[in-house]
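First the structure, in the form of structure tokens, and then the observations on it.
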Amino acid sequence: MDMSMDTSAPTRFPLAERRLTEDDGVFMSDRLIPSRGGSCTSAGQLKLEIDENWAPKNEYHEVLSKNILGKESLNDMKVLSYKHKPARQEAGQSEYRVLYTGSRDSASKTKAALTRVVPQAPMKVLDAPGIVDDFYSHPIDWSSNNVIAVALSEMVFLFDAQSGQTEKLLSLPSGNVTTLRWTGEGLHLSVGTSSGDVQIWDTAAQRQLRNLRGHGGRIGALAWHSHVLSSGSADAEIHNHDVRMREHLILRRAGVHADLVCGLDYNAEGMLASGGNDNSVYIWENPTATAPLHALTEHCAAVKALKWCPFQRHVLATGGGSADRKVCLWNASSGRLLMSRDAESQVTGIVWGMQEKELLTAHGYSRNQLSLWKYPSLAKTADLEGHTGRLLGLAQSPDGSLICSSSADETLRFWQVFSPSTGGPRPGAERHCAPKSILKTIR
């Protein structure tokens, strides 16, 4: 895909620098004085409060996390932990060798051979000052018209990937933008806010069409299917809005998720996957379903990253947070787990490669990398590094070839990872679910 990008100089969005906070001080002593304010308490607090934005605050916490809690740190640690589960015995290992460490990961020693050249550096880097470092946010989305929407604190900017032009769409009077999602025809943008409102904007006319209220907390995720917009919130509810109707709320799903709904995605048939901070994924058969078809409970941390496979019917990819760090493939029709792999970092985003039959995942603490996996084996083929902060999400170009990664290091990076799709549906089936006539039906 030709974006005609000038790589001679970085592009900077017109926003002031975000304020930085100093790390907490560390006081050393020759006496061991137990304190509830130590790193162990912080790690235990992560387990109790289920906050994916937790990370070691300074070098001392980092060293303590790796040396006292072990390299696996948050993966196998419980609030009170007396033992670790042993790793599986390697194939071909002597049956008489029964003593082996629980932290040993034999799978990590087997690396799949590269079958193609994967660029190790981004083709373009944009500055994005003011982007909020929030695991639960979805700050970028790429429209079918080749325009990238970017949330920078309380503002939303539109970047035309073809021309390289940037324009400001909106600025909230209070609070932050937490989630962005384009309609399938790429003309309307849904905007989730920290106040719980969902706005719909006509980006061509640069005017707000609707403000959908009803949630009791910040918006954690948005997804479109035709004229139905689904929203998930910190009130643990999923609301379905028919944007053609004045009384827009047509379905309220409550009492299923137990915490923030931070991931939503529709497939082409209208099946919805929802992920939450309660470590659960639910499959909803259609937009009118009042009860989930399946509950997927393999993860042991928040599930923000989920994406339907564009070339294999009813296959769903999901990724877990810091205490889980797994990438899973599911058969959504039966609810069966097909495959899972340790990703070594919290998973913040997933996209699929149509031609290569691969998936790319974005990660946070501690490596902040992108990882490329083969389908269906989930054999890792490459890691792409360069970001210095947590990756917050991924967006994919209309032809599927380019990936834009957003990060807490206040940059957007463009990676030429996949081959352009030829003739078939583009990755991300929900992109073409909304008909063009939606322009005339939003009220």
Side-chain angles (χ1 to χ4, degrees), residues 137-145 147-151 156 158 169-173 175 177-235 237-254 261-274 284-290 308 395 398 426 428-443:
S137 68
H138 298 267
I140 58 173
D141 198 26
W142 203 325
S143 79
S144 58
N145 286 333
V147 176
I148 304 171
V150 185
V156 174
L158 302 179
L169 177 66
L170 67 95
S171 180
L172 298 177
V177 175
T178 58
T179 305
L180 299 173
R181 203 66 177 263
W182 287 97
T183 55
E185 89 288 353
L187 296 175
H188 294 86
L189 181 68
S190 55
V191 179
T193 69
S194 57
S195 65
D197 291 350
V198 178
Q199 300 179 2
I200 301 178
W201 283 75
D202 182 340
T203 58
Q206 291 200 333
R207 66 186 181 94
Q208 183 180 339
L209 300 179
R210 300 204 65 170
N211 189 36
L212 310 178
R213 293 189 174 96
H215 280 295
R218 63 165 284 178
I219 302 301
L222 295 169
W224 285 92
H225 181 70
S226 187
H227 53 269
V228 174
L229 172 62
S230 293
S231 57
S233 169
D235 58 15
E237 296 184 0
I238 301 173
H239 292 180
N240 282 3
H241 313 269
D242 188 332
V243 298
R244 304 170 302 175
M245 302 171 59
R246 185 175 299 277
E247 299 299 325
H248 55 86
L249 185 59
I250 58 173
L251 183 63
R252 177 173 170 262
R253 292 166 173 156
V261 179
C262 50
L264 291 173
D265 198 42
Y266 275 106
N267 69 4
E269 300 173 359
M271 186 175 285
L272 177 68
S274 63
W284 308 83
E285 192 168 13
N286 53 61
T288 62
T290 57
W308 292 97
R426 61 149 290 171
E430 84 287 346
R431 298 288 185 180
H432 52 82
C433 287
K436 293 184 178 181
S437 60
I438 195 173
L439 177 63
K440 301 179 180 179
T441 58
I442 290 182
R443 298 186 53 178

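Given the structure is predicted, the values throughout are model-derived calculations rather than measurements.
- From L187, atom CG reaches atom OG1 of T203 across 6.0 Å, with rounding to the nearest 0.5 Å.
- Of the possible polar contacts, none joining the S233 side chain to the I219 backbone as a donor-acceptor pair under 3.5 Å is found.
- Taking each heavy atom of P287 and L251 in turn, the nearest pair found is O-CD2, 3.3 Å.
- Under the side chain to side chain contact (heavy atoms under 4.5 Å, CB included) criterion, Q206 pairs with E167, L169, not counting sequence neighbours.
- With sequence neighbours excluded, no residue forms a salt bridge (charged side-chain N to carboxylate O under 4.0 Å, His left out) with D235.
- For Q199, the side chain to side chain donor-acceptor pair (under 3.5 Å) criterion is met by W201, not counting sequence neighbours.
- The line from CD of E237 to CZ of R253 is 12.0 Å long, rounded to the nearest 0.5 Å.
- Here S190 pairs with R181, L222, W224, L229 under the side chain to side chain contact (heavy atoms under 4.5 Å, CB included) rule; sequence neighbours left out.
- For residues 211-234, the salt bridge (Lys or Arg N to Asp or Glu O under 4.0 Å) pairs, not counting sequence neighbours, are D134-R218, D197-R213.
- Between L180 and V191, some side-chain heavy-atom pair lies under the 4.5 Å cut-off.
- For T193, the side chain to side chain donor-acceptor pair (under 3.5 Å) criterion is met by S195, not counting sequence neighbours.
- Considering only heavy atoms from C-beta on, H225 stays 4.5 Å or farther from L272 through its side chain.
- When every heavy atom of S230 is checked against every heavy atom of I238, the shortest pair comes out as CB-CG2, 4.5 Å.
- Among residues two or more places apart in sequence or in another chain, the side chain to side chain donor-acceptor pair (under 3.5 Å) test is passed with S274 by H257, W284.
- The ring pair (Phe, Tyr, Trp, His ring centres under 6.0 Å) search around H138 returns none, not counting sequence neighbours.
- For the atom pair CE of M271 and OH of Y266, the computed distance is 11.5 Å after rounding to the nearest 0.5 Å.
- Pairing each heavy atom of V177 with each of A151, the nearest pair is CG1-CB, 3.6 Å.
- The shortest non-hydrogen separation linking S144 to P398 is O-CG, 3.8 Å.
- With D202 contributing its side chain and L209 its backbone, the two residues share no donor-acceptor pair below 3.5 Å.
- Partners of D242 according to the side chain to side chain contact (heavy atoms under 4.5 Å, CB included) rule, which considers only residues two or more places apart in sequence or in another chain, are H227, R244, M245, I250.
- Under the 3.5 Å distance criterion, the side-chain polar atoms of N145 are matched with a main-chain donor or acceptor of G186.
- Not counting sequence neighbours, the partners of N286 by the side chain to side chain contact (heavy atoms under 4.5 Å, CB included) test are T288, A289.
- Contact detail for S194 and T178: the closest heavy-atom pair is N-CG2, 3.7 Å.
- Taken from CD1 in I200 to OG1 in T183, the straight-line distance is 9.0 Å, to the nearest 0.5 Å.
- Side-chain polar atoms of H241 and S231 form a donor-acceptor pair below 3.5 angstrom.
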